[in-house]
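Since the structure comes first, as structure tokens, the remarks are kept for the end.
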Amino acid sequence: MKITLPDKSVRDLPDGSSGYDVAKDIGPGLAKSAVAIIVNGEKKDLHDIIEKDSTASIITIDSEDGLEIMRHTLAAQVLAKALKNLYPKSYLAIGPTIEDGFYYDIETSQSISVDDLEKIEKEMNKIISSKSSITKRIASKKDALKVFKSLEEPYKQTIINESDQKDNFQLYYQDQDSFVDLCKGPHLPNLSFIGSFKLTKVSGAYWKGDSKNTMLTRIYGTAWNSDKDLNKHLNSIEEAQKRDHRKLGKEMDLFHFQDEAPGMVFWHPDGWTIYRQLQNFVRQKIESNGYVEINTPLVIDRKLWEASGHWDKYRENMFITEIDEEHANEKRVNALKPMNCPGHVQIYNQGIKSYKDLPLRFAEFGACHRYEPSGTMHGLMRVRGFTQDDGHIFCTEDQIESETGLFINLLSDIYADLGFKDFNIKLSTRPEVRVGSDKTWDKAEQALESAIKNLGYPYKLDEGDGAFYGPKLDFVLTDAIGRAWQCGTFQLDFNLADRLDAEFVGEDGKKHIPVMIHRAVLGSFERFIGILIENYSGKLPFWLAPKQVVVASIVSEVNDYVMEIQELFKNKGIRTEVDLRNEKISYKVREHSSKKVPIILAIGKNEKANNTVSIRRIGSNDSKVMDLNKAVQEITKENTI
RNA sequence: GCUCAUAUAGCUCAGCGGUAGAGCACUUGCUUGGUAAGUAAGAGGUCACCGGUUCAAGUCCGGUUAUGAGCUCCA
């Protein structure tokens, strides 16, 4: 039998050889660290017999694939067994690997909490210390069903029953033990390959991810080849928690939430300063990109929402208001706008539009309210009241491609200025709940896809994820610690203009329906500010920082000089505060540093005598003495985007 | 919306049947101190809300609301 290795070398082995034999043939070191094998592109257990001439490569424990297999074995063989040992009356569901770790879902009548994790870890370590070999046997459907029937594992039986494979069910065993798991494999050849792990959390999860099904208990863990790697991972989680915008928002006194208005932000002075800076920045960008800013009502009669289709397709997300009958002559049902589009069409509809008016680009910092389910809210990232940097472009079909290009330019320009260099594009097509005919959707999807294709941007297709009125492009940016955030959106709509009677007079003198493009760059200010805070760990770029400079006195006799300095900076438009309190300079430095003020000027007798300032920047532990006027000049220069 | 957990002083948290605690912050003294916490004293709480058990409830039980972690949504 001939085995071709990745380096194209060919080895001749006796028929009936396994992956382990191949590894041993290459070298004893490899045989020692081998955990599985890839045969003709398929991952197999190390001791599976290779049936014919094949290409193969050995998976070692220290490779990516090896780590993945180790996590898988840890979940399916160790965690599952530990759970069955501790909770014999539970039923096993599934236990896959995920990024950095694994989880196992079980159904249990006893509730399992984080306090139980230590106990489970102990049981897992006991199982691992046996260093048992893992063996498998191939069973027919009937045979496999029999095994899991006798073990009283209903979920495993369901998996087997719903499987379209006939007989190739793999049952994994550990030495003489009675534990069996159904698994597609591969697994480690034995438990001595298990590295360092930690169970991290417990939560509920639906069987097969469907909220109509039973809620199972899901136990999460993370696993690595060494203690060092495990600790590195645990540290990076801690680091991410340190930049949680909810924590920083409190520490920096930017905003708060309270029970009476769940999902609605109370912006404090410093938080609102960031908001206004960001808004002015976007305003300037869109104005120079041919948009005109408008503003439309928050509360609008249901009739308009019926006409737009929102009442039908979006009602469960809408806040409805009703006038108190006793005080009103007529009863009217209104909705708080969840989107700005119908309002924009109303402004478009005032007066007759010509093809010469197109493309017409309306922009609005539109405050929207959506009734999000209670479990989905998350700080500033997912709220019920938010303001979009919204815009609607009314144009002809011929203009779609150029508008797509202009928008992507605007978006990448804004992202770059805010410190985000990378973004990905996703093309989403018709969802199940939608308005408009399939023919219209065909046209819209084709138009958007050909626009993005012709412009040459790479994109990924996401079928069925479009808005109810049209297909869209979504823009996903990557932050400083590699997380992805979907922010910008560009949605092509061939329906709404028609529904709300928007028209224009074409060159032919006849009436036509314009194409409407819904678009946003940041998405919402609330969410985007949350992203900015986390991206920068609260240390915002100078132009965005709510307090830019704090001038702190070291002794009270320099107070007049401190006030003078503040005046100079304020005159240059720098947001500057003084700290004249009777406290030590180290106390003041600590306090303003923890509030992430970019620049602290410490002022003592020397500075006053020489007309200088001592500059300390956030993130740096030294200070630099500089001539006052030069400092004003230099820092003013930094106050640009 | 679902599962589990949590809710005590402005903040972070301890207390878990028997007159409400700590650190920081706050106020007032003293201290004018050179780059991440000077010092002493004082003030501050219907223990989320509603109901139940008990001689007695932050403490045990039920419900409501909110928050957190997931799930499901959303985009």
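Just so you know, these numbers come straight off a predicted model, no measurement behind them. Below, chains carry the letters A, B, ... as their sequence lines are ordered, and counting in each starts from 1.
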Nucleic acid footprint by protein, nucleotides 68-75 of chain B - heavy-atom cut-off 4.0 Å, B for base, S for sugar-phosphate alone: SSBBSBBB
Letter per nucleotide, 5' to 3', of nucleotides 35-40 of chain B [B base touched, S only sugar-phosphate touched, - untouched; heavy atoms, 4.0 Å]: BBBB--
Interatomic distance, A/Leu473 atom CG to A/Arg519 atom CZ [nearest 0.5 angstrom]: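 Here the interatomic distance stands at 13.0 Å.
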Atom pair CG/CG of A/Asp465 and A/Leu427 - distance to nearest 0.5 Å: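 If I round to the nearest 0.5 Å, the distance is 10.5 Å.
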Return the nucleotide paired to B/G45: Watson-Crick means purine N1 to pyrimidine N3 with N6-O4 or O6-N4, wobble means G-U with N1-O2 and O6-N3, both under 3.5 Å.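 Paired with no nucleotide.
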Nucleotide opposite B/G29 in a Watson-Crick or G-U pair, distances under 3.5 Å: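 The answer is B/U39, by the H-bond criterion.
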Got a sec, which residues hit side chain to side chain contact (heavy atoms under 4.5 Å, CB included) with A/His378, two or more places apart in sequence or on another chain?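 For A/His378, the residues satisfying side chain to side chain contact (heavy atoms under 4.5 Å, CB included) (neighbours in sequence not counted) are A/His245, A/Arg246, A/Met381, A/Arg382.
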Taking only side-chain N and O atoms of A/Lys250, does any of them lie within less than 4.0 angstrom of OP1 or OP2 on B/U12?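 Affirmative; the distance criterion is met.
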Taking atom [atom1] in both [N] and [M], what distance in whole Å separates the two?
N     : M     : atom1 : result
B/A9  : B/A22 : P     : 14 Å
B/A25 : B/U19 : C1'   : 28 Å
B/A7  : B/C49 : P     : 13 Å
B/G23 : B/A5  : C1'   : 26 Å
B/U64 : B/C11 : C1'   : 27 Å
B/C71 : B/C24 : C1'   : 38 Å
B/A20 : B/G58 : C1'   : 9 Å

Between the protein and nucleotides 62-64 of chain B, list every N/O to N/O distance that falls short of 3.5 Å.
none

Could A/Lys242 and A/Glu239 be called an ion pair, given the rule that one side-chain N must be under 4.0 Å from one carboxylate O?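 Yes.
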Does this structure show an ion pair linking A/Arg370 with A/Glu316, if we count only N-O contacts that are shorter than 4.0 Å?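 No, this pair does not count.
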For A/Ile106 and A/Ile219, what are the C-alpha separation, side-chain angles and deciding distance, and is it a side-chain contact (heavy atoms from CB on, under 4.5 Å)? CA-CA 8 Å; A/Ile106 61 163; A/Ile219 309 216; 5.6 Å; no
Which word best sums up how the rings of A/His310 and A/Tyr314 line up, parallel for under 30°, tilted for 30 to 60°, or perpendicular for over 60°?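 Correct class here is perpendicular.
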Counterpart residues, ring pair (Phe, Tyr, Trp, His ring centres under 6.0 Å), relative to A/Tyr536 (two or more places apart):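 So A/Tyr536 forms no ring pair (Phe, Tyr, Trp, His ring centres under 6.0 Å) with any residue.
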Interface polar pairs with nucleotides 42-51 of chain B, N/O, under 3.5 angstrom:
none

Near-ring test A/Tyr104/A/Tyr220, centroid separation under 6.0 angstrom: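 No - the distance between ring centres of A/Tyr220 and A/Tyr104 does not fall below the 6.0 Å cut-off.
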